[in-house]
Colleague: 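First the structure, which I've put down as structure tokens, then a few questions once you've had a look.
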Number of protein chains: 2
Amino acid sequence: MLDAADAACAAHGARLTPLRRQVLGLVLESPQPIGAYALLDRLKESRSGAAPPTVYRALDFLLEHGFVHKVERLNAFVGCRSATEGHDHHDHAHTVQFLICGRCGHVQELEDASVRAALAKAAAHAGFTPGRMTVEVEGTCRDCARG
Amino acid sequence: MLDAADAACAAHGARLTPLRRQVLGLVLESPQPIGAYALLDRLKESRSGAAPPTVYRALDFLLEHGFVHKVERLNAFVGCRSATEGHDHHDHAHTVQFLICGRCGHVQELEDASVRAALAKAAAHAGFTPGRMTVEVEGTCRDCARG
DNA sequence: CGCCATCGGTTATAAAGTAACAGGTTCCAG
DNA sequence: CTGGAACCTGTTACTTTATAACCGATGGCG
Ligand SMILES: [Zn+2]
Ligand SMILES: [Zn+2]
Ligand SMILES: [Zn+2]
Ligand SMILES: [Zn+2]
């Protein structure tokens, strides 16, 4: 996962510095969306000088390059699970959708073409040129519904 | 608009108190989404004792009863423009969509059935039981695209 | 070397949201 | 009408989330 990020950065002339790489690793190893300050606490374990700007700057980079997404409803960040699957990352970041389980906190990333199309059509009908889309559905995941 | 809210509250046994009514008025008269603290500043002009809880509690009530919506991407609130059109308000609040112009800041409220259906289908396909949905599209509105 | 751009450390502050308690009001059962 | 429960608001203090501004270090490049 991190190696793929190295490769993607090399290909785009972006610099996945040790700090950025470490933050990406922390986000990826979190089973749930992780907040910037939780990330900061983890980061402090190895970087005593870490402060909010440290983590926010790294997150800005990772967001910009599509390695992580922000879940707006949670003010938290998730690693992109399709970053290594050959999508157009830039586009993906603008159209990704999340299913957020309100019980266990699990977040699943989707990229459903019909959702995207329906939104694009609705926007066009209103004379609106769509850009970045935030689509987040709160509900109950399969596992929690069974239990 | 406010009169309609009075009527809706009376019909549901909810109490649209002077404070809540005033906050709703402030949200409705704002041409753009308005943040809680901007709201607080306006509120202070007539209520010297207003503090964050004052406005957040009023907003909680207004959100719960569907008179306003929160735009997650902006941490700001908009008056519901369809609250008086006989929709099922409770359901509406869970499925409303926003088109947010990044240039002029204008926000248009939508409730597109095909978007909702596409999302419900995508969620079901993942074994997910959907609840409240956040759908926000950032882009350029018709007016700004022309200019 | 001297210059520029990028990165990250550091301090401070802004913006957004909540907890907890106290006093007042409304409303209904008795 | 009285007493208590539920609700509403004032008030203080605090937490969480995010950004501004400044600085030195690093590294490429003419
Ligand atoms: Zn992704
Ligand atoms: Zn779950
Ligand atoms: Zn609405
Ligand atoms: Zn516009």
Side-chain angles (χ1 to χ4, degrees), chain A residues 5-6 9-10 12-27 30 32-65 67-78 105 134 136, chain B residues 5-6 9-10 12-27 30 32-65 67-78 105 134 136:
Chain A
D6 284 325
C9 279
H12 293 73
R15 295 175 56 193
L16 191 63
T17 62
L19 171 63
R20 293 166 175 174
R21 199 170 193 276
Q22 186 180 0
V23 171
L24 175 56
L26 289 171
V27 173
S30 170
Q32 295 183 1
I34 184 169
Y37 281 74
L39 223 36
L40 177 56
D41 287 341
R42 302 263 192 113
L43 206 56
K44 280 181 183 166
E45 292 169 7
S46 58
R47 288 180 178 253
S48 63
T54 310
V55 63
Y56 278 106
R57 285 191 290 230
L59 285 170
D60 284 346
F61 173 89
L62 296 171
L63 285 167
E64 195 175 334
H65 291 81
F67 297 121
V68 307
H69 302 295
K70 179 173 183 184
V71 183
E72 297 286 343
R73 288 185 69 90
L74 305 176
N75 292 321
F77 303 85
V78 292
T134 299
E136 301 174 1
Chain B
D6 284 326
C9 279
H12 292 73
R15 296 175 55 195
L16 190 64
T17 62
L19 171 63
R20 292 167 177 173
R21 199 170 192 278
Q22 186 181 2
V23 171
L24 176 55
L26 289 172
V27 174
S30 169
Q32 294 184 0
I34 183 168
Y37 281 72
L39 223 36
L40 177 56
D41 287 341
R42 302 262 192 113
L43 206 56
K44 279 179 182 167
E45 293 170 6
S46 58
R47 289 180 177 254
S48 62
T54 310
V55 64
Y56 278 106
R57 284 192 291 231
L59 285 171
D60 284 346
F61 173 90
L62 296 171
L63 285 167
E64 195 173 336
H65 291 80
F67 296 121
V68 306
H69 302 296
K70 178 174 182 182
V71 183
E72 298 286 344
R73 286 185 71 89
L74 305 177
N75 293 321
F77 302 86
V78 291
T134 298
E136 302 173 0

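Just so it is clear: chains get the letters A, B, ... in the order the sequence lines come, proteins before strands, and each one is counted from 1.
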Colleague: Within the 4.0 Å limit for protein heavy atoms, which parts of nucleotides 4-17 of chain C are touched? Write it as a string from 5' to 3', B for base, S for sugar-phosphate only, - for none.
Modeller: --SSBBBB----BB
Colleague: Evaluate the side-chain proximity of F61(B) to L16(B): yes if any heavy-atom separation is below 4.5 Å, no if none is.
Modeller: yes
Colleague: Check whether T54(B) reaches the backbone of A51(B) with its side chain - one donor and one acceptor, N or O, closer than 3.5 Å.
Modeller: yes
Colleague: Can you find a pair of side-chain heavy atoms, one from R20(A) and one from R15(A), that are under 4.5 Å apart?
Modeller: yes
Colleague: Answer whether the closest heavy-atom distance between the side chains of V78(A) and V68(A) falls below 4.5 Å.
Modeller: no
Colleague: Give the first and the last nucleotide of DNA chain D, reading 5' to 3', that has any atom under 4.0 Å from a heavy atom of chain A.
Modeller: dT17(D) to dA21(D)
Colleague: What pair of heavy atoms forms the shortest contact from R47(A) to Q22(A), and how long is it?
Modeller: NE-OE1, 3.1 Å
Colleague: Test your reading of the model: is there a side-chain donor-acceptor pair from E136(A) to the backbone of V71(A), 3.5 Å cut-off?
Modeller: no
Colleague: Can you tell if the side chain of P33(B) reaches within under 4.5 Å of the side chain of F77(B), non-hydrogen atoms only?
Modeller: no
